[in-house]
Undergrad: 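First, the structure itself, so that you have it in front of you.
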There are 2 protein chains.
Amino acid sequence: MDDIVRLGREQLASVTPAELSLRAVARELGIVSSAIYRYVKDRDELLTLLIVDAYDELGAAVEDAVAAASRRSPRARVLLACQAFRAWSLREPSRFALLFGTPVPGYAAPAERTVEPGTRVPAVLVQLLEEAWLAGDLTTPEGSVPRTVRRDMDRIREEFGLTAPGPSVAKGLGLWSALVGAVSFEVFDQYGPDTLTDPAAFFDLHLESLIAAVGF
Amino acid sequence: MDDIVRLGREQLASVTPAELSLRAVARELGIVSSAIYRYVKDRDELLTLLIVDAYDELGAAVEDAVAAASRRSPRARVLLACQAFRAWSLREPSRFALLFGTPVPGYAAPAERTVEPGTRVPAVLVQLLEEAWLAGDLTTPEGSVPRTVRRDMDRIREEFGLTAPGPSVAKGLGLWSALVGAVSFEVFDQYGPDTLTDPAAFFDLHLESLIAAVGF
DNA sequence: TGCCAAATGTGAGCAGTGCTCTTGTTTTCC
DNA sequence: GGAAAACAAGAGCACTGCTCACATTTGGCA
């Protein structure tokens with residue numbers, strides 16, 4: 001069981017999620033192809049396991065980066081969290097694709113198993129937002145927020161026990177999607193070829209701007 | 001030839017890029033599977049055709065949205081461009097995935113055929129940035145930019161004939177990646193289930209913030 | 001110790017994929 | 001009319017996920 005996940009993970013080092021082969025892990029396991037179904041219901045089942053596995057490793061990486069700098073400002077830690085996110089993603093492009101790329105064909109992740117681990121990274125960001133708010137280090141955005149969005153943000157605030165204002169939470173969510181976008185551009189080579197000679201520097205610069213926009 | 005692209009496009013309405021089947025378009029064409037290779041070298045070849053096709057349609061949609069509001073401010077037109085991008089992407093999720101999602105397995109898009117159409121949307125954004133700059137409507141960012149990034153931006157400025165300052169161009173690029181990230185979150189259902197009841201409103205709000213961060 | 005049942009592994013088979021190769025049939029053009 | 005080019009067919013290879021009937025190993029209990 002654990003071996004299967006391990007082999008699947010190893011396979012993802014050299015292959016995109018869509019071409020992950022159950023037969024290949026069976027082969028690697030020294031077992032005939034049909035025997036794999038004794039341990040795993042489906043290819044989808046393996047995908048789910050790998051998704052949870054990846055979410056957990058990514059979540060841990062980001063949490064560790066933040067925890068290792070617990071004495072620094074929330075703003076500095078947000079930057080560290082984002083950098084850790086980027087570093088993990090560049091190290092594990094296929095697993096990043098598994099989590100944030102095109103969903104695999106007929107597959108729909110079972111929410112009850114993936115939502116919680118999938119929330120770890122945004123939870124870190126939102127927690128730091130809250131910390132900054134409590135410390136008075138958050139400049140809260142002006143301008144009005146549509147009622148619908150306000151309601152959605154209130155639900156999120158309740159879910160995470162946040163006292164930070166709705167508009168700030170909205171900006172935090174925006175940072176999250178922008179972060180994934182920026183990393184996705186790098187991992188998937190979306191910037192043209194040779195347009196960024198120093199992507200890390202560009203990323204940091206971009207992030208500064210995003211973080212400032214949130215109000216940190 | 002054109003029929004093949006058409007059928008491929010139609011297939012992409014109900015299927016992700018990774019499971020696009022050459023045999024299926026042959027079938028639909030009333031032809032035996034091997035005959036398709038008379039018209040198309042590879043599955044990769046068809047993918048390239050579909051990518052160019054999608055880039056062109058997306059580019060046209062965004063350009064049209066901007067052109068239809070030529071009398072409005074650059075800032076307003078950037079917003080319209082982004083909304084058009086989002087609208088097209090939500091209308092064509094598989095084709096969005098083809099362009100901005102996980103790259104298909106062994107496939108590497110031939111730069112000489114895809115770079116130009118793929119640049120149309122960012123070109124629009126950067127053009128509006130330039131326009132705003134020329135009109136004096138662009139607040140240029142403070143803070144220093146690393147030498148490496150500055151050089152990269154200078155190359156882009158030259159390529160597009162821009163007079164807008166490097167830091168602004170960098171922010172524009174950042175907007176582009178953040179935009180794709182935001183849309184990707186929606187298309188790929190990356191926000192948890194039922195967390196956004198009014199995604200369009202959230203998108204607009206987020207975009208306001210991003211556009212402001214660029215300096216428009 | 002002996003036996004039975006559960007767990008695990010096997011191999012054949014089905015339907016689907018991309019792709020190649022050889023053969024056959026149309027068009028087209030001179 | 002005949003040669004050449006274009007198009008189509010069909011068999012075949014290697015791969016995929018998945019199922020099913022069957023064999024073997026293993027563990028626990030009487």
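In what follows, every heavy atom counts, from backbone to side chain, and hydrogens, waters and symmetry copies are set aside. If you're wondering where the values come from, they're calculated on a predicted model, not measured in any experiment. Residue numbers begin at 1 in each chain, while the letters A, B, ... track the order of the sequences.
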Undergrad: Between A:R86 and A:V187, does the side-chain contact (heavy atoms from CB on, under 4.5 Å) criterion hold? Intermediate values first, please.
TA: CA-CA 9 Å; A:R86 172 175 177 269; A:V187 174; over 6 Å; no
Undergrad: Take the protein atom CD1 of B:I31 and the nucleotide atom C1' of C:dT25, then report the distance between them rounded to whole Å.
TA: 13 Å
Undergrad: Which parts of nucleotides 12-17 of chain C does protein reach within less than 4.0 Å, heavy atoms only, written one letter per nucleotide 5' to 3' as B for base, S for sugar-phosphate only and - for none?
TA: -B---B
Undergrad: Tell me the closest heavy-atom pair linking A:P117 and A:V52, and the distance in Å.
TA: CG-CG1, 4.3 Å
Undergrad: Does a sphere of radius 6.0 Å around CZ in B:R6 hold more than 12 heavy atoms from other residues, nucleotides or ligands, not counting ones at 6.0 Å or beyond?
TA: yes
Undergrad: Give the first and the last nucleotide of DNA chain D, reading 5' to 3', that has any atom under 4.0 Å from a heavy atom of chain B.
TA: D:dC7 to D:dG12
Undergrad: Looking only at heavy atoms, what is the nearest atom pair of A:S33 and A:R23, with distance?
TA: OG-NH2, 3.7 Å
Undergrad: Round to a whole Å and report the spacing from CZ of B:R38 to C1' of C:dC21.
TA: 10 Å
Undergrad: I need the OH-C1' distance between B:Y37 and C:dC19, as an integer number of Å.
TA: 5 Å
Undergrad: Just N and O in the side chain of A:Y39: are any of them under 4.0 Å from OP1 or OP2 of C:dA7?
TA: no
Undergrad: Indicate every side-chain donor-acceptor pair of residues 203-210 of chain A with a distance under 3.5 Å to a residue at least two apart or in another chain.
TA:
{"unit_1": "A:D204", "atom_1": "OD1", "unit_2": "A:Q83", "atom_2": "NE2", "d": "2.9"}
{"unit_1": "A:E208", "atom_1": "OE1", "unit_2": "A:R75", "atom_2": "NH2", "d": "2.8"}
{"unit_1": "A:S209", "atom_1": "OG", "unit_2": "B:K171", "atom_2": "NZ", "d": "3.3"}

Undergrad: Please list, chain by chain and in numerical order, all residues satisfying salt bridge (Lys or Arg N to Asp or Glu O under 4.0 Å) with A:R150, sequence neighbours excluded.
TA: none
Undergrad: Can you check whether A:F100 and B:F185 have ring centres sitting under 6.0 Å from each other?
TA: no
Undergrad: With the criterion being N/O to N/O and under 3.5 Å, what pairs connect the protein with nucleotides 26-29 of chain C, and how long is each?
TA:
none

Undergrad: Are B:W176 and A:Y191 an aromatic pair by the rule of ring centers under 6.0 Å?
TA: no
Undergrad: Under the side-chain hydrogen bond (donor to acceptor under 3.5 Å, both in side chains) test, which residues partner A:R120, sequence neighbours left out?
TA: A:D56, A:E63
Undergrad: So, does B:D152 use its side chain to make a donor-acceptor pair with the main chain of A:T197 at under 3.5 Å?
TA: yes
